[in-house]
**Student:** 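Next up is a structure, given as structure tokens.
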Amino acid sequence: MSVRRLAEASVQPAEFAFTPAMAREAEKWIGKYPEGREQSAVIPLLMLAQEQDGWVTQAAIEHVAQRLDMAKIRVLEVATFYTQFMLAPVGTKAHVQVCGTTPCMLRGAEDLKKVCQSKIHHDPLTPNADGTLSWEEVECQGACVNAPMVMIGKDTYEDLTPERLEEIIDAFEAGKGETIEPGPQVDRIFSAPEGGPVTLLDDESKKAATGGAKRGKGNAPQTMTKAAKPDTSAPEGDETLADPDEAEGPGRIEASKSGASPKTEDAGPTLKVASTASGMKPKKKPIEASVESGNATMKVAATASGRAKAPGKVDAPSDAPALDDKNRPAAMEKPENPDDLSMISGVGPKIEGILHSLGIYKWEQIAGWKKAEREWIDRYLKFKGRIDREDWVKQAKALAKGGVDEYVRVFGKKPR
């Protein structure tokens with residue numbers, strides 16, 4: 001475990017006190033424990049202190065210790081042991097916790113971390129210049145099915161792409177975080193398959209089983225609406241077998257005499273139910289011949305294991321401006337040593353790939369973009385003015401002039 005210490009004295013407030021609302025919450029938590037065991041509320045009270053101030057201060061630790069009649073060192077031990085407690089100031093508008101555990105890592109968590117480094121700060125647990133945003137990498141947060149994901153406050157944001165995370169961070173930076181709906185950021189209900197919850201039935205069987213029943217959000221489809229219940233009352237001495245192939249209904253006896261298959265409508269209830277069930281076998285999917293023709297899981301697993309390379313071609317947006325437009329920035333052949341375009345704040349790995357597909361490899365190219373060229377790229381990437389807001393041209397000029405040193409001199413911080 002890493003060493004966790006309190007923040008420097010220069011950022012520590014002189015005192016701490018719960019607000020009236022938080023004080024009432026603290027009393028509720030203390031009241032949950034029997035007399036003499038009130039110190040068991042130490043974790044809830046520290047969480048309330050963090051929820052109030054955004055992080056756990058030394059003054060808050062001392063206040064909780066006094067309130068619960070505990071030694072200060074005991075409360076300090078709890079606060080420094082559990083990584084859920086922030087021991088230094090974090091972003092006042094959002095602290096982004098990026099899951100970096102294996103499922104999220106395989107699904108693109110590294111790209112999400114690069115977005116945080118680009119839009120917030122290169123180093124984790126370090127607020128941006130305005131002190132409004134911060135980020136860190138954390139362990140599993142329980143949304144593996146919808147990887148990759150992040151947590152902001154008490155909400156999770158799942159099925160993320162780098163572009164969607166950028167939009168979420170921008171919303172919180174603008175004070176509009178409440179406009180972003182938590183949970184999956186794709187057409188998925190909770191952890192159901194994309195497109196809505198389904199059962200393990202093909203479309204025809206589903207229609208037959210549901211009788212056209214509608215499916216509402218959050219509700220699984222009703223597979224049997226008015227199915228007849230099997231007749232469990234048997235004559236004395238008659239043992240009805242569970243296997244419908246061995247059950248002796250009227251239709252089964254008649255079939256055995258004639259050598260023909262029994263008709264379902266003439267059979268007993270048990271055989272009718274068995275016939276309905278046998279017609280609902282899911283269709284077998286063909287075996288995939290190769291990784292390229294396989295499903296998404298095969299491709300991700302093969303890429304992660306090194307058996308296949310991730311596709312290098314990046315598709316352009318469907319409604320992108322024409323490539324032969326006169327305002328398209330001039331392209332060049334890929335040089336032997338292309339510049340690292342991702343050092344420009346706002347350019348992630350995917351955007352860099354798109355720029356490469358347009359013949360943009362050098363900072364000097366971006367530094368020379370005129371207004372019409374910037375607008376063409378902005379429409380192509382569907383950025384809605386982000387190129388000018390993030391001043392790619394100024395960043396590129398600094399990098400082209402003197403690399404990282406010039407960038408630090410101009411912007412006061414290292415690129416990405």
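Values reported hereafter were calculated over all heavy atoms of this structure, with side chains retained and with hydrogens, waters and symmetry mates removed. Values in this document were obtained by computation on a predicted structure and should not be read as measured data.
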**Student:** Please say whether more than 12 non-hydrogen atoms of neighbouring residues, nucleotides or ligands are located less than 6.0 Å from CD in Glu15.
**Tutor:**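 For Glu15, atom CD is not crowded (no more than 12 foreign heavy atoms under 6.0 Å).
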**Student:** Would you call Glu163 and Lys382 a salt bridge, taking side-chain N to carboxylate O under 4.0 Å as the test?
**Tutor:**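 No salt bridge links Glu163 with Lys382.
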**Student:** Considering residues, nucleotides and ligands other than Trp55, do more than 12 of their heavy atoms fall under 6.0 Å from its CH2?
**Tutor:**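 Counting other residues, nucleotides and ligands, CH2 of Trp55 exceeds 12 neighbours.
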**Student:** For Tyr157 and Gln185, which I'm curious about, is there any donor-acceptor pair between the side chains at under 3.5 Å?
**Tutor:** no
**Student:** What side-chain donor-acceptor pairs closer than 3.5 Å can you find for residues 142-153, not counting sequence neighbours?
**Tutor:**
{"residue": "Asn146", "atom": "OD1", "partner": "Arg188", "partner atom": "NE", "Å": "3.4"}
{"residue": "Asn146", "atom": "ND2", "partner": "Glu158", "partner atom": "OE1", "Å": "2.7"}
{"residue": "Asn146", "atom": "ND2", "partner": "Phe190", "partner atom": "O", "Å": "3.0"}

**Student:** For a quick test of reading the model, state the closest non-hydrogen atom pair linking Ala49 to Phe18 and the distance between them.
**Tutor:**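 Looking at all heavy atoms of both residues, the closest pair is N-CE2, 3.6 Å.
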**Student:** Should we count OH of Tyr33 as having more than 12 external heavy atoms under 6.0 Å?
**Tutor:**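 Enclosed.
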**Student:** Start with the C-alpha gap between Glu27 and Arg67, add the side-chain angles, then the distance that decides, and say whether salt bridge (charged side-chain N to carboxylate O under 4.0 Å, His left out) holds.
**Tutor:** CA-CA 10 Å; Glu27 291 301 322; Arg67 178 65 188 81; 2.5 Å; yes
**Student:** Dump the intermediate steps for side chain to side chain contact (heavy atoms under 4.5 Å, CB included) on Ile30 and Leu68, then the final yes or no.
**Tutor:** CA-CA 9 Å; Ile30 295 173; Leu68 297 178; 3.9 Å; yes
**Student:** Looking at Asp170 and Lys119, does any basic side-chain N land under 4.0 Å from a carboxylate oxygen?
**Tutor:**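 Answer for the salt bridge query: yes.
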**Student:** How far apart are the closest heavy atoms of Arg379 and Pro321, and which atoms are they?
**Tutor:**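 That would be NH2-CB, 3.5 Å.
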**Student:** Determine the interplanar angle of the Phe411 and Tyr407 rings, folded into 0 to 90°, and report it as parallel if under 30°, tilted if 30 to 60°, perpendicular if over 60°.
**Tutor:**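 Tilted: the ring planes of Phe411 and Tyr407 meet at 30° to 60°.
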**Student:** Does CD belonging to Gln66 count more than 12 external heavy atoms closer than 6.0 Å?
**Tutor:** no
**Student:** Could you check Ile180, Ile169, Asp159 and say which one makes a side-chain contact (heavy atoms from CB on, under 4.5 Å) with Arg164?
**Tutor:** Ile180
**Student:** Please determine whether a side-chain nitrogen of the Lys or Arg among Arg409 and Glu406 lies less than 4.0 Å from a carboxylate oxygen of the Asp or Glu.
**Tutor:** yes
**Student:** For the NZ atom on Lys93, are there more than 12 heavy atoms of other groups (residues, nucleotides or ligands in this structure) within a distance under 6.0 Å?
**Tutor:** yes
**Student:** Could you check Trp392 against Phe383 for ring-ring contact (aromatic ring centres under 6.0 Å, His included), going step by step and ending with a plain yes or no?
**Tutor:** CA-CA 12 Å; Trp392 286 15; Phe383 266 9; 5.8 Å; yes
**Student:** If you take all heavy atoms of Ile360 and Ala330, which pair is closest and at what distance?
**Tutor:**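 It is CD1-O, 3.8 Å.
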**Student:** So with a 6.0 Å cut-off around NZ of Lys362, is the heavy-atom count from everything else above 12?
**Tutor:** yes
